[in-house]
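Below: one structure, written as structure tokens.
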Amino acid sequence: MTLHGLEALDKQGRITPLGRKMAQLPLEPVYARVLLASFAEGCPREIIDLVSLLGSRDQLIINTASTREQATAARQKFIHRTGDHMMLLNILRAYEELDGKDERKAWCMDNFVSFKAIQSVLDARKQLRERVERLGLGDWEESVGDDAEPVLNALVGGLFANTALLQEDGSYRHTLTKQVRLPDHPLQFSLAAR
């Protein structure tokens with residue numbers, strides 16, 4: 001069902017032109033679809049950064065039981081009203097504003113970010129940018145700056161199976177399964193749409 005929903009396969013199960021482009025990218029199908037959607041939304045720079053970040057997300061943020069409160073406090077400045085995806089971009093942007101390896105290492109320690117993981121993110125991003133150029137998919141440097149809406153729209157292009165709609169009673173209804181989650185229960189969905 002996912003490949004059909006991503007428009008990678010047609011109704012007969014044959015690969016579509018979009019599916020061929022997705023297959024050329026070194027990404028899971030959902031992230032390949034997100035990346036392709038980013039060109040239509042005008043935000044490939046942000047999505048390439050974000051896809052690279054998501055590959056290292058579990059190792060990127062240092063969050064041990066003994067430092068959880070300090071880490072949470074340090075990351076307050078990166079929080080974005082739209083959620084974790086934009087928060088990750090804010091972390092990367094803040095890191096890139098720094099000069100020199102020593103300053104960046106100190107910043108990582110102060111903000112509970114793994115220096116090694118962020119270096120891995122930068123390597124993955126470089127490879128993905130090169131692949132986009134080689135495939136002629138478009139200008140990866142195109143950016144929407146701080147405008148989150150195009151980035152979120154591109155994410156929904158591939159992560160539609162992780163969306164939920166906020167209901168009038170404060171609950172969330174999964175857009176595909178129609179399963180309802182009450183507000184006092186943690187959501188298992190990556191994106192929530194109003």
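We number each residue from 1, following the sequence as shown. Below, all heavy atoms of this structure are taken into account, side chains as well, without hydrogens, waters or symmetry copies.
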Between [X] and [Y], is any pair of side-chain heavy atoms under 4.5 Å apart?
| X | Y | result |
| --- | --- | --- |
| Pro26 | Arg131 | yes |
| Arg75 | Asn63 | yes |
| Ile15 | Leu3 | no |
| His80 | Leu89 | no |
| Lys21 | Leu135 | no |
| Leu128 | Leu35 | yes |
| Tyr95 | Leu122 | yes |
| Leu18 | Arg33 | yes |

Classify the side-chain pair Ser143/Glu46 by whether it contains a donor and acceptor separated by less than 3.5 Å. yes
Would you please say whether a donor-acceptor pair under 3.5 Å links the side chains of Lys77 and Asn111? yes
Hey, would you say the Phe112 and Trp107 ring centroids sit under 6.0 Å apart? no
Atom pair [atom1]/[atom2] of [X] and [Y] - distance to nearest 0.5 Å:
| X | Y | atom1 | atom2 | answer |
| --- | --- | --- | --- | --- |
| Ile47 | Ser52 | CD1 | OG | 10.5 Å |
| Glu41 | Leu155 | CD | CG | 10.0 Å |
| Phe78 | Met86 | CZ | CE | 14.0 Å |
| Leu36 | Met22 | CG | CE | 7.0 Å |
| Met109 | Phe115 | CE | CZ | 12.0 Å |
| Cys108 | Lys116 | SG | NZ | 13.5 Å |

Indicate yes or no for a side-chain donor-acceptor contact from [X] to the backbone of [Y] under 3.5 Å, with no hydrogens or angles considered.
| X | Y | answer |
| --- | --- | --- |
| Asp84 | Met87 | no |
| His4 | Lys11 | no |
| Ser171 | Gln167 | no |
| Thr16 | Ala8 | yes |
| Thr67 | Gln70 | no |

Derivation and outcome, salt bridge (Lys or Arg N to Asp or Glu O under 4.0 Å), residues Glu130 and Lys126: CA-CA 6 Å; Glu130 289 170 354; Lys126 180 180 182 228; 3.7 Å; yes
If you count heavy atoms of other groups shown closer than 6.0 angstrom to [atom1] of [X], is the number above 12?
| X | atom1 | result |
| --- | --- | --- |
| Glu141 | CD | yes |
| Asp139 | CG | yes |
| Asp110 | CG | yes |
| Glu168 | CD | no |

Are Leu98 and Ile62 linked, directly or through intermediate hydrophobic residues, by side-chain heavy-atom contacts shorter than 4.5 Å (ILVMFWY only)? no
Would a single hydrophobic cluster contain both Ile79 and Ile61, if residues Ile, Leu, Val, Met, Phe, Trp and Tyr are joined by side-chain heavy-atom contacts under 4.5 Å? yes
Can we say [X] and [Y] salt-bridge, meaning some charged N sits less than 4.0 Å from an Asp/Glu carboxylate O?
| X | Y | result |
| --- | --- | --- |
| Arg93 | Glu97 | no |
| Arg129 | Asp49 | yes |
| Glu96 | Arg104 | no |

Before you tell me yes or no, could you show the steps for Arg125 and Leu53 under side-chain contact (heavy atoms from CB on, under 4.5 Å), namely the whole-Å CA-CA distance, both residues' side-chain angles and the distance that decides it to 0.1 Å? CA-CA 8 Å; Arg125 178 179 74 179; Leu53 284 158; over 6 Å; no
Which pair of heavy atoms, one from [X] and one from [Y], lies closest together, and at what distance?
| X | Y | answer |
| --- | --- | --- |
| Pro44 | Phe39 | CB-CE2, 3.6 Å |
| Ala154 | Cys43 | CB-SG, 4.1 Å |
| Gly157 | Leu6 | O-CD2, 4.0 Å |

Check each of Val121, Leu60, Leu27, Leu88 against Leu54 using the side chain to side chain contact (heavy atoms under 4.5 Å, CB included) test, and report the only one that passes. Leu88
